[in-house]
Visitor: 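One structure, pasted below without further comment.
Just so we're clear, the structure is a prediction, and the values are computed from it rather than from any experiment.
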8 protein chains.
Amino acid sequence: MEVERLRALLEAVAQGRLSVDDALSALRDLPYQNLEFARIDHHRPLRKGFPEVIFCQGKTPEQVAAIAVRLAERGRVLATRATEAHFEAVRARLPEAVYHPQARSITVGELPSAPEQPYGVVLSAGTADIPVAEEAALTARMMGVRVETRYDVGVAGLHRLLEHLPLLQGARAVVVVAGMEGALPSVVGGLVRCPVIAVPTSVGYGAHFGGLAPLLTMLNSCAPGVVVVNIDNGFGAGYCLGLIAQSEATTLP
Amino acid sequence: MEVERLRALLEAVAQGRLSVDDALSALRDLPYQNLEFARIDHHRPLRKGFPEVIFCQGKTPEQVAAIAVRLAERGRVLATRATEAHFEAVRARLPEAVYHPQARSITVGELPSAPEQPYGVVLSAGTADIPVAEEAALTARMMGVRVETRYDVGVAGLHRLLEHLPLLQGARAVVVVAGMEGALPSVVGGLVRCPVIAVPTSVGYGAHFGGLAPLLTMLNSCAPGVVVVNIDNGFGAGYCLGLIAQSEATTLP
Amino acid sequence: MEVERLRALLEAVAQGRLSVDDALSALRDLPYQNLEFARIDHHRPLRKGFPEVIFCQGKTPEQVAAIAVRLAERGRVLATRATEAHFEAVRARLPEAVYHPQARSITVGELPSAPEQPYGVVLSAGTADIPVAEEAALTARMMGVRVETRYDVGVAGLHRLLEHLPLLQGARAVVVVAGMEGALPSVVGGLVRCPVIAVPTSVGYGAHFGGLAPLLTMLNSCAPGVVVVNIDNGFGAGYCLGLIAQSEATTLP
Amino acid sequence: MEVERLRALLEAVAQGRLSVDDALSALRDLPYQNLEFARIDHHRPLRKGFPEVIFCQGKTPEQVAAIAVRLAERGRVLATRATEAHFEAVRARLPEAVYHPQARSITVGELPSAPEQPYGVVLSAGTADIPVAEEAALTARMMGVRVETRYDVGVAGLHRLLEHLPLLQGARAVVVVAGMEGALPSVVGGLVRCPVIAVPTSVGYGAHFGGLAPLLTMLNSCAPGVVVVNIDNGFGAGYCLGLIAQSEATTLP
Amino acid sequence: MEVERLRALLEAVAQGRLSVDDALSALRDLPYQNLEFARIDHHRPLRKGFPEVIFCQGKTPEQVAAIAVRLAERGRVLATRATEAHFEAVRARLPEAVYHPQARSITVGELPSAPEQPYGVVLSAGTADIPVAEEAALTARMMGVRVETRYDVGVAGLHRLLEHLPLLQGARAVVVVAGMEGALPSVVGGLVRCPVIAVPTSVGYGAHFGGLAPLLTMLNSCAPGVVVVNIDNGFGAGYCLGLIAQSEATTLP
Amino acid sequence: MEVERLRALLEAVAQGRLSVDDALSALRDLPYQNLEFARIDHHRPLRKGFPEVIFCQGKTPEQVAAIAVRLAERGRVLATRATEAHFEAVRARLPEAVYHPQARSITVGELPSAPEQPYGVVLSAGTADIPVAEEAALTARMMGVRVETRYDVGVAGLHRLLEHLPLLQGARAVVVVAGMEGALPSVVGGLVRCPVIAVPTSVGYGAHFGGLAPLLTMLNSCAPGVVVVNIDNGFGAGYCLGLIAQSEATTLP
Amino acid sequence: MEVERLRALLEAVAQGRLSVDDALSALRDLPYQNLEFARIDHHRPLRKGFPEVIFCQGKTPEQVAAIAVRLAERGRVLATRATEAHFEAVRARLPEAVYHPQARSITVGELPSAPEQPYGVVLSAGTADIPVAEEAALTARMMGVRVETRYDVGVAGLHRLLEHLPLLQGARAVVVVAGMEGALPSVVGGLVRCPVIAVPTSVGYGAHFGGLAPLLTMLNSCAPGVVVVNIDNGFGAGYCLGLIAQSEATTLP
Amino acid sequence: MEVERLRALLEAVAQGRLSVDDALSALRDLPYQNLEFARIDHHRPLRKGFPEVIFCQGKTPEQVAAIAVRLAERGRVLATRATEAHFEAVRARLPEAVYHPQARSITVGELPSAPEQPYGVVLSAGTADIPVAEEAALTARMMGVRVETRYDVGVAGLHRLLEHLPLLQGARAVVVVAGMEGALPSVVGGLVRCPVIAVPTSVGYGAHFGGLAPLLTMLNSCAPGVVVVNIDNGFGAGYCLGLIAQSEATTLP
């Protein structure tokens, strides 16, 4: 505990066990360590159950495995955008690692148990959007949040969506993953009254421009309460869902 | 009539009243005049009730009035993107002209009567999209098509749209006008089984880019049967609606 | 049948076999089930001869085959953007499947017979645009519409197009497929008086930007009656052509 | 009340006052009315203290005043993007209306009282971003949430931001409003562990492209927990902040 | 003549009239003066009849008048993008100045006489493109080239264009000015066999993006021989037309 | 010969060998055949020595070979964007075919002899731009024009360009091929007084956007007389150079 | 000196003059105060002669005047993008203020004297770029750097630039301001061997896109040593020039 | 030495050993050689220790090796964007060549020794940005400048950056390499008072658009003193750093 370390240092000075010069030297790095400490101090209690995360894309299997080993010493690990090859390298060193093929992710450590309430919902418009949706769901589950998923409920068949209205209306937040024209978040935003985290995907062709089309759709949503993350960023959406749903248990006494 | 002119020419040759050389010379320009003739010939019967159209934007009131006078000699006139000033100039010379402020359009000549069936529907997502929607509706009505309009039925309040389901499902084609994120055509496309003509509007702000956002949304629609016209192009959408609905009466015996 | 269920429920109330409270509770979920029912009810009669469609791109051969088997139980099947590998997987389970290499599509079930009138035309500007054009033609044919195709009639050699003027002017709608600068729909739109469904293709290079150039060209067409679908979306154009041409037989008595 | 109408109808059937056929007929339109009812039913309890909102941009003072009068019958009113002229028109009919010049907004009805916890924070990077920030803060306050604001704390002078670290780290969510390069949300996202709602503004010039630059910055943020709304959309950000902070009191028993 | 100056200098050295040091000093600036000289030397004979040009946009009437006075000492003057105000200021000091309102240009000095052959043609697709077309025509005429103009011959009415086929096929180069979708240059390029200089204009709306749409159309033209200048750059197109047509008389003996 | 056919037809009418009705029927198809004829008639004399062109990209070796054989019957053949595989297929059927690896082109038939004057120059800014430059040079040479090439004369080393000033200033037109920032055409345009045909290339990286950067540079050139073709379109530039240089010999007596 | 304050505090603890608790409390805010202090400490000595800067665009004259008064207490003031109205407001309160109309800037306090060496050069390609160039020059002069300016030396007339070669080659850094195609920095970068700070301007039209064209040109420069600032950002370029030229005197003993 | 050659020539003329005609002939090419000479003359003294550079991307190993051999005769060689294959080819002919895998570069010749002061710093925001950062560092070191590198100090963990504050504040210039949102240069620009050379990288996904996002971020930086180079252009940044740091020793006596 940084405050304790500081107090101990000052007491050592007060008691003559530490010279002023040595104390000065020890304090030299204080601001930044202090800053980090501050963050750890505030964050530690919030962090229980929160996984350390590795973004695998662009990293070699060996690099991912090495980072995973180091992080696994401190708790659960989540590795996103992971290939089978990444998983093989990780499992060779951490046999308890599990691969989630739909979410293209590796986890080390069991999923934390999640309370019934509050819960989140992750929707996907099409089947091709499922990998991004699964990444979002897994991320929030690693944060100890119960997540319900409903896939292939795009706007071209509204009845498929409306079936799930009660589930949606009871949620603490809804992640909506959609490629093509990305209209689903607006429709959901008009049906629920909780934050809707919209995730455009790169699923589409032609004037889709790699996800730009649904991204603009979502940013211009006429339904208030819709916020947006980067194209294909399931992790970011799930993380935000986790922050919103998780806090009620942790920040309220 | 070109065919008559041709026949007369050939008969003059047959009767020796015209030399072969003079006939050749007279035929020199035939192809292109012929082409024009062909088009008039084929088009004339389809054109009954179809208005001549003036795009007023960028034209002075005097220019619009002058064109309107000339066109009015041949039938109904529709002038779109017209200001009050345009109207004043036209009315000064054509007292029977009527201004449609919502549609920002001038008409000269009565609206043709329209049969009950087939009919078209024009929807707008928001109230700010109404001018474009009215332009579409007026255009199709000038072509002799019955048009029903329902406004402010955007996706953020689905129940407003679903109320009109029977009307939509009986239509020959539906024009859907939407700004903001432009999600409405996809939703309508999933509810009906007739062509949906989507019109993005420039209504929006920020990452809307003057209508680019809803344009991309509509082009990427996951609902088949959705076709798109240019941003704010109510006339084009109404014209296409007119072509689809009108033809059944005119091209079928 | 939903209406029957409703009637049974009301009769049970009328006969005292069901309390008002229980009836209320049973009605709670009605809207959304009802909605689904409504759509089937309205759509079923329109659907005769219409194929179920699979978009193969991004799906494995096994996935496509599994979906095809399920859909084939309900009628004709059309699978677009299909590779030879997709076809092999489908044929292994549905030996009557046929591959259309130019259209890159698989069909299961015979093409429905098509009346002489009304008919549609599909044009391509260049030879490289033919696959998209064939996809459009096949889609409309699967909807029971007669389709004539004329390829390589781009604007750089107008006479090739003008040869087909009578065919074009008799059509119920024309699909125009064009890459490069995409000027053909405007020219066609000036020659015919029926809807022109323009399909930009990704055929081109340099400042073509994967089809953006012809897409913008078509959206800005100065010829009224031109509507646009997404880049390379032959299916969408053919489907709309089918809706326009088919309806006359199906919606008029 | 829909439930009452339904119950009355069923009781009439039970009592023989209404035939089953007439009841069926009366139920025909139920789904969509029902849907609306469902939404009201579910939403009403959540809505306490939530203002009705008018987006003034593009509306005339008279239109805004007319809408405000109608909405004021149902509770508090918030009108954003309001000019002085809008305000004058509203005040003429609703003398209790208040104008908030920095937020460019009108409110009718007192701000609801807000609990100490949880609270939100709204930051702006520059002074020119303050109008958007004030709009966000006012929106959340109208939803009964305590909001602290700190302005002009951009990344070019980190110490100004770090001063407020404890305030930030205690917040339930932080809205970060930034124009220019839009780097502030990433920095804040690295310092706190709650959702960061990033609002790009159109404040900038040159390669800023009306807010596109900070929008892209925020979407690509390397700090997890950052979500984004449309350029200049202070209302949307404040609304989401309100949803996150407000729910704890309303959805937890 | 630079060579003469050099020879004189060397002869002065050879004859002892100039010291080596002074000669060295005189040669120090040679390269750059030489360059300028070279350009004048080569260009002067080509320049007969060629106007000096002022781009008025962004300049005050006074600035334009001052430059015009200076240039008028050396020959003809052409001032493009000129308003009436610019003209008033110029005429006050150069009473012989003439304003060309359609071309938005001022000329000082008579148009040079132009031979019958070779001649250029300037076409415009729409009436709104005429100012740019007139600027092009006036520029080439100021260079002593005969220019024929034909306006409002856009692709939506091919027969209007085909009428002028013989004129087009006899031209040395054709300038084609088009807004909207900009398809005309491709069609013209397929009909003639001389360079086609395409000028996109900013005339249009919606997905026209200030001329980007026709610009891309023209760059992607499938007709060889089409070259493109900047949006609305009538001067540049006319200048290039002038260079092509003029050279035959001037560079061939 | 169409005129002969027409004359024969008229004479048959004059002599009573053909009835007026049969003559009318025979004339029905005249316009379009006539149009085609007209084009051939006007173009044939201009076409001497002009190669038929195949754009190989996207075509199979077999397709290219088949087209080449057909075209070779009518004269010289030029096939651009050709790979070695294309060449092998062509040579198997046309042993006299020659491959130009730098220009990535195949020719069939000898290059026509070219007069000394007028000549064209093709410049490249960098060595990586040479393939596009060679394609331009080969195209013009196939049209019977003398072409001088100078490569790697980019603006970062002006002296390399200035060395060639006399050559440039004597040319009838200059093709300037440049990737990276594409500044070379502006510099050349300031040094010469003949048309400069600028070709942006896709050579570059980062904010080059596949050639968009030099394309915009060239379109905005402050040097008059600069016209632009599509990115990497060496053929188009060379063709235009050929049209400009060739015409003097062909259109002047 | 922070270290001294820390030492004093520790000594007070060591000597028993300060309790450990009070010392802890005093240390609480250390990091951030420390940070701020550190910046002042390090920066103060470097700041001599450096003006405080106000960006006037988007600020009212009153706001600018108020800020100017406050800043003037600490030294020189530079206000950029200032209108005459801004100046009037400032002069009313600071009579010694001077307006620089070309640079659209206000200064308060005399320009510092500048040594002969090292000096900077500011070039502009066109006359319309001069305001941005003057802003750059004034900024660097306010930092005590000698700045030479040469305007209207664009690439379309190389000899105008080459005239100034010796001046350029002796400079410590060169700011190059250019609109249109923005080719000048590349040419200058090939002539000098010092950093070239390129400033694109919004001067241009058509496919210039508000300065995007020259911005891309400059970013893709083939000449090493070219760095770029935002469109029209004369201040940023001048500031960087000042930092480069100024440091030699201030950071070297 | 060119001046000596000139003097010798003039003396030969003065002494009658050279005729005026022969002298004229010898002077013909003078301007451009002179220009080159001038550049060499001025540059030579600055160039000591500066490497010749090869951009390997798009060149074959053989081409790179051939250029390297030629350049190695004149001094040190730096080859950037080099693969292992490039290196093998170079080492086969220049055994002393060294490969720097992180910087993806080859050097020939020892790094010049670098003085302690002034020094540069190269930062990277993430680990994936290191190759670009290493390229920058190696470039500046080849120019004889001491470079310190600190990697993975992105804004999501400010304390990692602040640790290095003293190092940053003592630097002559700082290169900041960042992908993702590219916010680091703004933060660094607020902490130091020396030029910050920002390098956006293509590291990112989704709305990153290959580096466009951080590029715009950096161009819009609110911290003065930030200049930008092209995406991934580590060489350009390192070169500019070298120019800034190196000059103090070379241009000051």
Visitor: Quick check for you: to the nearest 0.5 Å, what is the distance between A/Cys222 atom SG and D/Asn230 atom CG?
Guide: 12.0 Å
Visitor: Which bit of A/Val226 is near chain D, if near means a heavy-atom gap under 4.5 Å: side chain, backbone, both or neither?
Guide: backbone
Visitor: Is A/Ile244 close to D/Arg172 at the side-chain level, that is, under 4.5 Å between some pair of heavy atoms?
Guide: yes
Visitor: Mind checking whether D/Leu215 and A/Leu219 have side chains closer than 4.5 Å, heavy atoms only?
Guide: yes
Visitor: Is any side-chain heavy atom of A/Val53 closer than 4.5 Å to a side-chain heavy atom of D/Pro224?
Guide: no
Visitor: Output the option from A/Ile231, A/Asn220, A/Leu216, A/Val227 having the highest count of non-hydrogen pairs under 4.5 Å with chain D.
Guide: A/Val227
Visitor: Using side-chain heavy atoms (C-beta onward) and a distance below 4.5 Å, is D/Val229 in contact with A/Val228?
Guide: no
Visitor: Look at the side chain of D/Arg193 and the backbone N and O of A/Leu243, then say whether any donor-acceptor pair between them is shorter than 3.5 Å.
Guide: no
Visitor: Nearest heavy-atom pair of D/Gly225 and A/Tyr239: which atoms, and what distance?
Guide: N-CD2, 3.5 Å
